[in-house]
Structure formats: C-alpha cells, structure tokens
Amino acid sequence: MTKLYEVASWQEFLALVESEELRGWAFRGQCDASWDLESSLTRRLKQFVPKDRWAEQEGRAIRVFKRKAHYFLNDTSALDDDFRCLALMQHHGAPTRLLDFTKSPYVASYFALHSSTTTAAVYAVNTPALWHEATPPGFPEQTRDAIDPRNHDLLHKYYLSNQYPVVWPGEPWSMDRRIVAQAGTFIIPGKIDVSVAELLTNYDYNDIILAKIIIPNEIRSEAMEALYRMNISHATLFPDLDGLARSISYELEASWVGSSASANSNQ
C-alpha cells in the first residue's frame, strides 16, 4: 500500500522530505494528485492502442526512432544501446516506459507545482530498499543487479517483453546534462499495463516502499518563491535555450518586491 502524507505548509513539506524516513529516496512531482503513477507510454497507449498490441507498438516506436534519429545526431552511439536510446527518446519528448525521478525532493516539488492549478503530489520511492533488499513477488532471485537493464540483453528480457512484475531504479552508464542538472534517475517498470504503484507495493519488503505527499495548491506561491530563491527553475534544470524559454513562464509571476530592479523593470 502507498503511504500517504498530507502537508499543510511549505515548512511541513521541507521537514518531511528532510526527515530520516525519506532519506536517500527518489522523488517525482506530478501537478495533479489524482494522476496515477505511470509512464507517458502507458498514458498514450491507453488512449489510442488496444492492450494486446502494446508490446508490439512499443518495439515499433523504438525501431522507428533508431532508424531516423541519426540524421539529427553528431554522435550516434546512443542508438546502439537500447537503454540510452530510451533515455534519449524521453529527453526529446517521445512516450517511453521510463518515469523521470530525481534524487532531489526540491526539484520534484518544482515539477509538481510549476504549472499546477489544483492539488499536486510528490511521489517518493524507497530506492535504498530496491537496491539492497526488496524483490518482486515470488522472484527473490530478481535482485536489482540481476535485472539491470544496462547489462547484456536484460532490457529486452525483463522490460520490453512486458512479462515481469519488476521495477528498476537507475540511469544509463552515460548520462546527459539534463539528468545531471536535475539529479535525475529513472524508474523502469517491467510491465506497462500495470501501474508502477501496484508493481512497487506488491514487492516483497517489510516496510514502506512507496509514499505519496499531497501538496495543496494554497501553498504553491510560497513554495515556488522559495524554489526560485534556491535557483531551481526550468533554466537551471534544462540547461539549454528551450529550458531558458520555458523558465519565462514563472518569470511572469516572480518579482523582487521592493528592489530597485522591481521598481525599474519589474524583473
């Protein structure tokens, strides 16, 4: 079962994510607390593709990307590694089975609140447990190392086959600058027709493996201002021109109240 927390203030959120209970976990912000914990691929397939064709269509999408992406890449080595290829697809907006997480609860809260107009949420996954103790139900031999998608053909065996109720936290051996800037990591589910929350909560483990922090919209303004002062924005999390451009949406809200810059240019 997912452990639920509800915070009433930004300070309460900070105290929770800095507590020993969630230390070392990975976090994911979602701007609507009612959304399931599922990949962009699952959401897209649910909308447009019969379930019996999901695995087939995922494989087709990867093949199409690999056949055409080389036109736009100076270094095509990522296309030779399917995990790196999935990360590259995710980076550029393609639906994949990867779920973006971060080791920073502050970055996760930024993604939860940046465009939120309703109650938001930050999910927290007990990655230390997945690294060392927790295993899928009925498969104690499927430890994190045993199902590492970076090794041999394990991505195809345990993930793209869509047959195993496994969840793996981690990154490709080679990380792009966005992953680095966001203290990013991925959660990779072995099944895309089951929610990640269900996969995780079915794991064999004696303690909490998944938590969900509910963040009311009433504290958004205070939280976003605090994150802005921490230099957490699209401009820093996506260190390129696209990130800078997307950061302007919050610059429309922000101002240095009482400063000369505010008086002269409303920056």
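Computed from a predicted model, the values in this text were never measured in an experiment.
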Rounded to the nearest 0.5 Å, how far does [atom2] of [Y] lie from [atom1] of [X]?
X: Phe139; Y: Glu141; atom1: CZ; atom2: CD; value: 7.0 Å
X: Leu227; Y: Tyr250; atom1: CG; atom2: OH; value: 8.5 Å
X: Ile188; Y: Phe101; atom1: CD1; atom2: CZ; value: 12.0 Å
X: Phe186; Y: Ser39; atom1: CZ; atom2: OG; value: 12.5 Å
X: Ile214; Y: Phe13; atom1: CD1; atom2: CZ; value: 11.5 Å
X: Leu41; Y: Leu98; atom1: CG; atom2: CG; value: 9.5 Å

Could you check whether any side-chain N or O of [X] sits under 3.5 Å from a backbone N or O of [Y], counting only pairs where one atom can act as donor and the other as acceptor?
X: Asp153; Y: His156; value: no
X: Arg144; Y: Pro169; value: yes
X: Arg246; Y: His234; value: no
X: Gln182; Y: Leu237; value: yes
X: Ser104; Y: Val107; value: yes
X: Arg150; Y: Glu171; value: yes
X: Arg97; Y: Pro189; value: yes
X: Thr2; Y: Leu210; value: no
X: Asn217; Y: Ala120; value: no
X: Tyr159; Y: Ile147; value: yes

Would [X] and [Y] pass as an ion pair if we require N to O under 4.0 Å?
X: Arg229; Y: Glu225; answer: yes
X: Arg178; Y: Asp240; answer: yes
X: Lys3; Y: Glu21; answer: yes

If we only count heavy atoms from C-beta on, is the [X] to [Y] side-chain gap below 4.5 Å?
X: Leu16; Y: Leu22; value: yes
X: Arg60; Y: Arg63; value: yes
X: Arg84; Y: Ser174; value: yes
X: Val17; Y: Tyr106; value: yes
X: Leu88; Y: Leu73; value: yes
X: Tyr228; Y: Glu253; value: no
X: Ile248; Y: Glu251; value: yes

- prompt: Do the side-chain N and O atoms of Thr96 and Gln90 include a donor-acceptor pair separated by under 3.5 angstrom?
  reply: yes
query: How about Thr143 and Asp145: does a side-chain donor come under 3.5 Å of a side-chain acceptor?
result: no
- request: Give the C-alpha distance, both sets of side-chain angles, the deciding distance and a yes or no for side-chain contact (heavy atoms from CB on, under 4.5 Å) between Leu160 and Leu155.
  value: CA-CA 6 Å; Leu160 300 185; Leu155 179 69; 4.2 Å; yes
- prompt: Given the rule in the salt bridge (charged side-chain N to carboxylate O under 4.0 Å, His left out) test, do Asp82 and Lys66 qualify, once you have shown the distances and angles that lead to the verdict?
  reply: CA-CA 9 Å; Asp82 283 345; Lys66 292 174 74 171; 2.7 Å; yes
For residues [X] and [Y], report the shortest heavy-atom separation together with the two atoms involved.
X: Thr135; Y: Gln142; answer: CG2-O, 4.2 Å
X: Ala146; Y: Leu154; answer: O-CD1, 3.4 Å
X: Ala112; Y: Val122; answer: CB-CG2, 4.1 Å
X: Trp54; Y: Asp193; answer: CZ3-CA, 3.6 Å
X: Gly24; Y: Pro128; answer: O-CD, 3.4 Å
X: Ile179; Y: Asp176; answer: N-OD1, 2.9 Å

Pair Thr119-Asp32, side-chain contact (heavy atoms from CB on, under 4.5 Å): steps then yes or no: CA-CA 6 Å; Thr119 302; Asp32 190 326; over 6 Å; no
task: Test Phe65 against Cys85 for side-chain contact (heavy atoms from CB on, under 4.5 Å), laying out the working first.
output: CA-CA 9 Å; Phe65 185 85; Cys85 184; 3.8 Å; yes
Treating Ile, Leu, Val, Met, Phe, Trp and Tyr as nodes and any side-chain heavy-atom pair under 4.5 angstrom as an edge, say whether [X] and [Y] lie in one connected cluster.
X: Trp131; Y: Val125; answer: no
X: Ile213; Y: Met224; answer: yes
X: Leu199; Y: Ile187; answer: yes
X: Leu14; Y: Ile232; answer: yes
X: Met230; Y: Tyr110; answer: yes

Stepwise side-chain hydrogen bond (donor to acceptor under 3.5 Å, both in side chains) test for Ser195 and Glu38: CA-CA 6 Å; Ser195 76; Glu38 59 188 13; over 6 Å; no
- prompt: Strictly under 6.0 Å, is that where the ring centroids of Tyr123 and Phe27 end up?
  reply: no
task: Assess whether side-chain contact (heavy atoms from CB on, under 4.5 Å) is satisfied between Asp36 and Thr42, documenting all intermediate values.
output: CA-CA 10 Å; Asp36 289 333; Thr42 296; over 6 Å; no
CA sep, side-chain torsions, deciding dist, call: His114, Ser233, side-chain hydrogen bond (donor to acceptor under 3.5 Å, both in side chains): CA-CA 9 Å; His114 175 260; Ser233 72; over 6 Å; no
- prompt: Are there more than 12 heavy atoms of other residues, nucleotides or ligands under 6.0 Å from atom CD of Glu6?
  reply: no
- prompt: Is the NE2 atom of His92 crowded by more than 12 outside heavy atoms at less than 6.0 Å?
  reply: yes
- request: Show your reasoning for whether side-chain hydrogen bond (donor to acceptor under 3.5 Å, both in side chains) applies to Tyr203 and Glu133.
  value: CA-CA 10 Å; Tyr203 257 56; Glu133 300 175 62; over 6 Å; no
